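A short worksheet on the structure shown next.
Throughout, protein chains are lettered first and strands after them, A, B, ... in sequence-line order, and every chain is numbered starting at 1. Keep in mind it's a predicted model, so treat the numbers as computed, not measured. As a basis for the values below, the full set of heavy atoms in this structure was taken, side chains included, without hydrogen atoms, waters or symmetry mates.
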Amino acid sequence: MKLDYTYIEDLSKHEGETVTLKGWLYNKRGSKGLYFLILRDGTGLAQCVVAKDAVDEASWEAAEAATRESALVVTGVVRRDERQVGGYEVQASSVQLLHRAEEYPITPKEHGVEFLMNHRHLWLRSRRQWAILRIRNRIIMSIHNFFQEQGFVQMDAPILTGNAVEGTSTLFEIDYFGDKAYLTQSGQLHGEAMAMAFGKIYTFGPTFRAEKSKTRRHLTEFWMIEPEMAFYDLAMNMELAEDLLSRIVADVLRESRTELEVLGRDLAPLERVRPPFPRLSYDEAVALLRSDETAEMLTSRMEALREEERALETELAENKKRYGQAKKSEKRRLDAREIAIRKRRAEIEEALRNLPKWKESARTFEWGGDFGGSDETVLTWHFDRPIIVHRYPAAVKAFYMKRDPEDERLALGMDVLAPEGYGEIIGGGERATDLAFLEKQVAEHNLPPEAFKWYFDLRRYGSAPHSGFGLGLERTITWICGLPHLREAIPFPRLIDRLYP
RNA sequence: UCCUCGGUAGCUCAAUGGUAGAGCAUGCGGCUGUUAACCGCAGGGUUGUAGGUUCGAGUCCUACCCGGGGAGCCA
């Protein structure tokens, strides 16, 4: 379809030509005879220069009347200008105001979390959210391309299920024509059935957990990608996870530079995400946690934080001295800096409160338990890329995991932990193939055997070795974008006590 | 469910128990190259709710409501 207007991302192809842009007013600066309209059209931002003597009266009035987020049509000549975002600006010859927006609640200044979350439907228009969610799109495309190129078949697991796989406390229960049904927690079991039919499959769908978690790494509704492969063992499974993550990061680095720049993401840690990822057995991970090396690393981290805090205090004191004689604009800058320093100091103080506890938790970690959030974070601090931890105690893993033939206490499970403290983004493993073992496991976990009748059939008719894993989409986005909280990694996050907008 | 921090103007935040302020946003005025533009003026408040202590409460006490961060659990 041929459009009668141009998208901002294509401006570079139209230098010197007259184009028409359609979008919304992101910000406006102006003086008596000149307005600078920053236009936003979803593909990028562009500055449109409206000079009073270069446009007709109606256009000038439109530029004057336009408020933030008003819908506009601007026609003008594209000019190269190094100073501008994207390198181009539009010298307007006409401006049309389609709709004059009411006073827009979100300003270019700072806002609190609650306010922004209540305005999530508008917050999406902000530059930072634009960058994050465009990267989300890039990651989704990258995942599909990776699997499709390798002959995986995308298959959907059901969202409504009758199976209460991991106990009912974390499941959303709904009324299903008088019966109980649940929103899926994982497509895992159905994925296995599909892998036995198609060889290599992956699911890509929403997942629901009714956990009353209030942390920066939990949503009640999130998206999960679950590949399941017949005849893959644990080693192949780990290699696939490593290749997938490396591919995703490479695609984002290549195709989403602008977005990463908007986010101010440090690229160096992402550029190191290449195979092979370090592999640690659970035994090795426990030993590392309890080691002197870990204790020393945490001590030096605490020292570094204390040093940073002292530097901030010094800066604060110096700014206070300068404040008296400062000009108004300088005072404003100092005020902003003071708020930033105070915020960072609060973060440091929280970290300094936590780190001794984390150190103690790592030091005294008992073999047999699952890693807590802090243990994962501490482990990843030792490495410069994602790490894979494998062969966990069977007791802390799901009933369908295959046991390690060399040590029956262990399950052939694996987790991939993202670097920079982001922690678990993948969980998976090799699945048990023996019918009698699975029946025993279901009984020991107090699960209703009748709900697994169909699943047991997979071990009756050509039971074969197979493996798979689940990748948490929002956690992956949070890590790659370097976000402090995963609520920004999905357009409309669903959290405990957050169902709107 | 538990621990912890917070709730003051539309927004972000100040205010020894003693006259509730600033910046941004909004309105008006000024400025022909601005980059979170800048300069001047103005309007804007039942300090989360309900009690209590006090000559006097934004500030202290009690309960409740709402939100942030964390634990457990997990992707």
Inset, instruction - Would you kindly check whether a donor in the side chain of A:Arg487 faces an acceptor in the base of B:G67, or vice versa, at under 3.5 angstrom? - result: no
Inset, instruction - Would you verify whether the NZ or CZ of A:Arg301 falls within 45 degrees of the ring axis of A:Trp381 while also being under 6.0 Å from that six-membered ring's centre? - result: yes
Legend entry - Atom-to-atom span, CD of A:Gln91 to P of B:U34 - whole angstrom: 14 Å
Legend entry - Face-to-face contact A:Phe36 to B:G33 six-ring, under 5.5 Å, under 30°: no
Inset, instruction - Determine the interatomic distance between C1' on B:G68 and the same-named atom on B:U12; round to the nearest Å. - result: 15 Å
Legend entry - Heavy-atom donor-acceptor pair, A:Gln47 side-chain to B:U35 base, under 3.5 Å: no
Legend entry - Same-atom distance (C1') from B:U62 to B:U54, integer angstrom: 16 Å
Legend entry - Donor/acceptor link under 3.5 angstrom from A:Glu103 side chain onto base of B:G27: no
Legend entry - Proximity to the side chain of A:Phe115 - top-ranked nucleotide from B:C11, B:G33, B:C74: B:C11
Legend entry - Euclidean distance for P, B:C3 against B:A42 (whole angstrom): 50 Å
Inset, instruction - Look at the side chain of A:Val113 and decide which nucleotide, out of B:G68, B:A75, B:G33, has an atom nearest to it. - result: B:G68
Inset, instruction - Report yes or no: is the cationic atom of A:Arg80 (NZ for Lys, CZ for Arg) under 6.0 Å from the centre of the six-membered ring of A:Tyr88, at an angle within 45° of the ring normal? - result: yes
Legend entry - Rounded C1' spacing from B:A22 to B:G44 in Å: 14 Å
Inset, instruction - State whether the number of non-hydrogen atoms from other residues, nucleotides or ligands found under 6.0 Å of A:Glu366 atom CD is greater than 12. - result: no
Inset, instruction - Would you mind telling me which of B:C66, B:C74, B:G70 lies closest to the side-chain atoms of A:Glu114? - result: B:C66
Inset, instruction - Measure the distance from CD1 on A:Ile225 to P on B:A75 and round it to the nearest whole Å. - result: 13 Å
Inset, instruction - Under 4.0 Å between any heavy atoms, over every strand shown, what does A:Asn27 touch: base, sugar-phosphate, or nothing? Just pick one. - result: sugar-phosphate
Legend entry - Atom-pair distance (CG on A:Leu471; C1' on B:C74), nearest Å: 14 Å
Inset, instruction - Go through B:A75, B:A25, B:G70 for me and flag the one nearest to the A:Thr107 side chain. - result: B:A25
Inset, instruction - Using atom CD1 of A:Ile480 as one end and atom C1' of B:A75 as the other, report the distance to the nearest whole Å. - result: 14 Å
Legend entry - Most 5' of A:Leu495 and A:Gly470 on RNA chain B, judged by nearest nucleotide: A:Leu495
Inset, instruction - Among B:G33, B:C74, B:G70, find the nucleotide with the atom closest to the side chain of A:Asp81. - result: B:G33
Inset, instruction - Mark yes or no for a side-chain to base donor-acceptor pair under 3.5 Å between A:His111 and B:C11, with no hydrogen or angle criteria applied. - result: no
Inset, instruction - Specify the separation, in whole Å, of atom CD of A:Glu64 and atom C1' of B:G29. - result: 13 Å
Inset, instruction - For A:Arg79, answer base if it contacts any base atom (sugar-phosphate contacts may also be present), sugar-phosphate if it contacts only those atoms, and nothing otherwise; contact means non-hydrogen atoms under 4.0 Å. - result: base
Inset, instruction - Using atom CG of A:Leu219 as one end and atom P of B:C73 as the other, report the distance to the nearest whole Å. - result: 19 Å
Inset, instruction - Determine the interatomic distance between C1' on B:U8 and the same-named atom on B:U59; round to the nearest Å. - result: 11 Å
Inset, instruction - With C1' as the reference atom in both, quote the distance from B:G52 to B:A57 in angstrom, rounded to an integer. - result: 11 Å
Inset, instruction - Decide if atom NZ of A:Lys28 counts as having more than 12 heavy atoms of other residues, nucleotides or ligands within a radius under 6.0 Å. - result: yes
Legend entry - Within 6.0 Å of CE in A:Met141, more than 12 heavy atoms from elsewhere: no
Legend entry - Interatomic distance at C1', B:G10 relative to B:C55, whole Å: 37 Å
Inset, instruction - Write down the distance between CG (A:Leu483) and P (B:G69), rounded to a whole number of angstrom. - result: 13 Å
Legend entry - Watson-Crick or G-U counterpart of B:U1, or none if no pair lies under 3.5 Å: B:A71
Legend entry - A:Pro105 vs A:Leu473, nearer the 5' end of RNA chain B by closest nucleotide: A:Pro105
Legend entry - Base partner of B:C24, which must satisfy Watson-Crick or wobble distances under 3.5 Å: B:G10
Inset, instruction - Could you give the distance separating B:C24 and B:G43 at their C1' atoms, to the nearest angstrom? - result: 15 Å
Legend entry - Counterpart base for B:C64, defined by Watson-Crick or G-U wobble contacts under 3.5 Å: B:G48
Inset, instruction - Considering just the side-chain nitrogens and oxygens of A:Asn354, establish if one lies under 4.0 Å of OP1 or OP2 belonging to B:U4. - result: no
Legend entry - Test item: A:Thr75 side-chain N/O and A:Ser93 main-chain N/O as donor-acceptor pair under 3.5 Å: no
Inset, instruction - Would you classify A:Glu226 as touching base, sugar-phosphate or nothing, given that sugar-phosphate means primed atoms plus P, OP1 and OP2, and contacts are heavy atoms under 4.0 Å? - result: nothing
Legend entry - A:His144-A:Tyr202 aromatic ring centre distance below 6.0 Å: yes
Inset, instruction - Check the distance between B:C73's P and A:Leu171's CG and give it to me in whole angstrom. - result: 17 Å
Inset, instruction - Assign A:His119 to base, sugar-phosphate, or nothing according to its heavy-atom contacts below 4.0 angstrom with the strands shown. - result: nothing
Inset, instruction - Return the orientation label for the A:Phe152 and A:Tyr232 ring planes: parallel under 30°, perpendicular over 60°, tilted otherwise. - result: perpendicular
Legend entry - Presence of donor-acceptor pair under 3.5 Å, side chain of A:Arg29 and base of B:C31: no
